Amino acid sequence: MPFINTKVSVELTPEKEGALKQLFAKAMAEFGKPEAYVMMCFEDNARLWFAGSNSSPAAFIDVSILHTAPREAYEKLTEALCDAVSGELGIPMSRIYVKYEETENWGHDGYMF
């Protein structure tokens, strides 16, 4: 059910994308969402401006989930996602934003959860 849309301002090789996919899947599993229900999108070379500049690498991670979760779960997930992007792509943690969107209405396979 979760959808993770990741935009990064750097080039993303297939190997790096695969590594991020694995790390994100592990983080989502610890969040209580098995990989079988997780959809991800990776967009590289995004023209991201942060603090008035686009001269340094940056990332924006948008996570949509069904229902809600406690703040502590979001804190752990934020740490894991930021660690993954920073570790794999060298983007400073201070230039990574993570946004969460909770919804009660989510459809899949022709029906609503």
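It should be emphasised that the depicted structure is a prediction, and the values quoted were computed from it without experimental measurement.
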Discussion item. For the CE atom of M112 and the CG atom of L66, what is their distance to the nearest 0.5 Å?
Written reply: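 Here the interatomic distance stands at 8.5 Å.
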Discussion item. As an exercise, state the distance from OH of Y74 to CZ of F31, rounded to the nearest 0.5 Å.
Written reply: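 So the gap between those two atoms works out to 5.0 Å.
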Listed by chain and number, what are the side chain to side chain donor-acceptor pair (under 3.5 Å) partners of [X], not counting sequence neighbours?
X: E79; value: none
X: E30; value: none
X: K76; value: none
X: K21; value: E35

What residues, two or more places apart in sequence or in another chain, satisfy side chain to side chain contact (heavy atoms under 4.5 Å, CB included) together with [X]?
X: Q22; result: none
X: I61; result: I4, T6, F24, V63, L81, V85, I96, V98
X: P70; result: E72, A73

Fill in: salt bridge (charged side-chain N to carboxylate O under 4.0 Å, His left out) contacts in which one or both residues fall within residues 103-113, not counting sequence neighbours
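Listed once each, the pairs would be none.
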Looking at every heavy atom in both [X] and [Y], which two are closest together, and how far apart are they?
X: W106; Y: M1; answer: CZ2-O, 2.5 Å
X: S9; Y: S56; answer: OG-O, 4.2 Å
X: A27; Y: L77; answer: CB-CD1, 3.7 Å
X: V8; Y: A59; answer: CG1-CB, 3.9 Å
X: E102; Y: A69; answer: OE2-N, 3.6 Å
X: I65; Y: P2; answer: CG2-CB, 4.2 Å

Worksheet item: Taking only residues at least two apart or on different chains, which pairs with a member in residues 90-100 satisfy side-chain hydrogen bond (donor to acceptor under 3.5 Å, both in side chains)?
Response: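 Listed by first then second residue: D62-K99, T78-Y100, K99-E101.
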Worksheet entry | Side chain to side chain, F3 and T103, heavy atoms closer than 4.5 Å |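 When only atoms from C-beta onward are counted, T103 and F3 do not touch, as no gap falls below 4.5 Å.
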Discussion item. Could you check whether any side-chain heavy atom of K16 comes within less than 4.5 Å of a side-chain heavy atom of T13, counting everything from C-beta outward?
Written reply: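 Side-chain contact under 4.5 Å: yes.
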N/O donor to acceptor pairs below 3.5 angstrom from side-chain atoms of residues 36-49, sequence neighbours left out:
| from | atom 1 | to | atom 2 | distance (Å) |
| --- | --- | --- | --- | --- |
| D44 | OD2 | L12 | N | 2.9 |
| N45 | OD1 | E11 | N | 3.4 |

Discussion item. Tell me every residue that passes salt bridge (Lys or Arg N to Asp or Glu O under 4.0 Å) with K33, counting only those two or more places apart in sequence or in another chain.
Written reply: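 Listed in chain order: nothing, the list is empty.
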